[in-house]
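As structure tokens, the structure follows; a few thoughts come after it.
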Amino acid sequence: MSTASFGLSGTSLGLSKPSKSFGEKFPVLVTGFFFFSWYFLNVIFNILNKKVYNYFPYPYFVSVVHLLVGVVYCLFSWAFGLPKRVPIDMEQLAFLTPVAFCHAIGHVMSNVSFAAVAVSFTHTIKALEPFFSAAASQFVLGHQIPLSLWLSLAPVVFGVSMATLTELSFNWTGFVSAMISNIAFTYRSIYSKKAMTGMDSTNVYAYISIIALLVCIPPALFIEGPQLMQHGFADAIAKVGLQKLLSDLFWIGMFYHLYNQVAANTLERVAPLTHAVGNVLKRVFVIGFSIIVFGNRISTQTGIGTVIAIAGVAIYSLIKANMEEHKRKVA
């Protein structure tokens with residue numbers, strides 16, 4: 001006798017499959033929203049950050065504010081269990097500390113560069129990060145980098161060199177700071193691969209932010225503290241008022257934390273190839289919008305060099321992503 005005759009069908013027993021969530025039904029839309037949020041937050045951060053430097057040129061202190069706002073945000077999130085804080089032990093702390101140290105240096109040096117030159121130029125210099133990453137992998141970690149990857153980096157180096165030679169906002173502080181940032185973020189990537197904490201990206205980034213904040217405070221006090229107390233705060237308040245100064249500092253800190261957090265969450269959702277394309281497009285968006293918003297004049301040679309550099313980064317990223325995908329399938 002069939003179960004249907006006894007009224008024992010799955011439907012009558014309430015055993016029907018639970019309806020899928022929106023994210024499960026439309027994963028492409030959700031991932032697209034994450035990418036849009038990442039780009040939007042990143043562009044807004046870069047624009048607000050540069051505008052602050054126009055009347056408050058203290059990148060070490062501003063870097064501390066970025067991290068401080070993020071840390072406070074994380075502490076409130078933990079307090080409400082969004083997300084639940086994962087305890088950290090001494091072994092995990094030892095792994096995350098060098099990551100956070102490199103993150104702090106890279107962040108501060110990026111801001112020093114942003115304060116000194118056009119946002120578009122800083123991001124053009126930072127397009128060299130894959131070159132430093134490949135060099136570190138080859139000569140520090142001893143990994144064999146294929147010739148195809150090295151060749152793809154040639155247009156990156158050429159394009160950045162071409163853009164630098166005719167950059168109208170060029171100065172050595174902005175250039176050297178961006179280069180140091182590239183090196184710091186390269187070593188951050190190296191140490192990150194060793195920091196297998198087993199935590200989710202939200203908790204990892206929260207701990208890194210806390211450690212990085214502690215690293216950034218002493219140099220900010222030593223380098224900019226006396227100037228800030230003598231005239232820095234007073235000059236900024238005289239130009240824009242206390243309320244706008246505090247509001248701007250708060251919002252750039254909030255956008256900085258949110259774009260980094262959303263970036264981490266986004267990159268967890270996608271394959272290496274999508275990750276690579278996303279990173280390249282992000283830089284294109286930031287450079288493009290910064291030129292439009294600030295009206296930066298760039299020479300024809302700088303524009304061509306920037307395009308060549310970004311194209312080289314795209315080629316490099318695609319080749320590397322395909323290699324990683326191949327390794328994953330073989331494994």
Q | Cluster link I308 to F131, ILVMFWY, side chain under 4.5 Å | A | no
Q: Give the ring-plane orientation class for F121 versus F175, where under 30° counts as parallel, over 60° as perpendicular and anything between as tilted.
A: parallel
Q.
So which atom in T202 and which in P83 form the shortest heavy-atom distance, rounded to 0.1 Å?
A. CG2-CG, 3.5 Å
Q: May I ask you to check whether over 12 heavy atoms, not counting those of Y58, lie within 6.0 Å of atom OH?
A: yes
Q) Does a sphere of radius 6.0 Å around OH in Y73 hold more than 12 heavy atoms from other residues, nucleotides or ligands, not counting ones at 6.0 Å or beyond? A) no
Q | Between F80 and W78, ring centroids under 6.0 Å | A | no
Please examine the side chains of [Y] and [X], heavy atoms only from C-beta on, and report whether any two atoms are closer than 4.5 Å.
X: Q138; Y: H143; result: no
X: K282; Y: F35; result: no
X: E224; Y: P59; result: yes
X: I211; Y: F101; result: no
X: L153; Y: F132; result: no

Q. When K320 is tested against each of P130, S152, S148, S133 for side chain to side chain contact (heavy atoms under 4.5 Å, CB included), which residue passes?
A. S133
**Q.** Exercise: do S290 and K50 side chains pair donor with acceptor under 3.5 Å
**A.** no
Q. Is there a donor-acceptor contact under 3.5 Å linking the side chains of Y256 and N49?
A. no
